[in-house]
Amino acid sequence: MSDKQTNRRYRNFATVVYPDSAKKNWQEILEEQFIPAFISPLHDMDTNPDGEIKKPHWHVMLIFD
């Protein structure tokens with residue numbers, strides 16, 4: 001890799017998105033804004049240490065130059 005590529009910086013933001021509080025087309029909105037993102041599969045079977053099931057959610061990382 002060139003020096004230019006190795007010194008490139010990014011701003012990454014990680015968040016959690018809940019289906020019941022996000023617009024149905026939130027992923028399309030990201031695509032339309034050309035925002036690169038990593039989106040996990042829907043986590044709908046995660047549990048807390050006490051065994052209670054967590055709210056369904058996606059883990060999302062947004063990447064900005």
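Note that the coordinates shown come from a computational prediction; the quantities given were computed from them, not determined experimentally. Only heavy atoms go into these numbers, but all of them, side chains included; no hydrogens, no water, no symmetry mates.
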Exercise. Ile63 versus Phe38: any side-chain heavy-atom pair under 4.5 Å?
Worked result: yes

For this session: Please round to the nearest 0.5 Å and tell me the distance separating atom NE2 of His59 and atom OG1 of Thr15.
Result: 10.0 Å

Problem set entry | Pro36 side chain near Phe64 side chain, heavy-atom distance below 4.5 Å | no

Problem set entry | Within-4.5 Å side-chain heavy-atom neighbours: His57 and Leu42 | no

Exercise. Can you find a pair of side-chain heavy atoms, one from His43 and one from Lys54, that are under 4.5 Å apart?
Worked result: no

Name the atoms and distances for all side-chain donor-acceptor pairs under 3.5 Å in residues 21-35, with sequence neighbours left out.
from: Ser21; atom 1: OG; to: Tyr18; atom 2: O; distance (Å): 3.4

Problem set entry | Taking every non-hydrogen atom, the tightest pair across Pro56 and Pro19 | O-CD, 3.1 Å

Exercise. Would you say the side chain of Met45 lies within less than 4.5 Å of the side chain of Ile53, judging by non-hydrogen atoms?
Worked result: no

Exercise. Are the side chain of Asp50 and the backbone N or O of Glu52 linked by a donor-acceptor pair below 3.5 Å?
Worked result: yes

Seminar exercise, completed: Rounded to the nearest 0.5 angstrom, the CG-CG distance for Leu62 and Asn12 is 9.0 Å

For this session: Flag the pair Lys55 / Asp20 as yes when at least one side-chain heavy-atom distance between them is below 4.5 Å, and no otherwise.
Result: yes

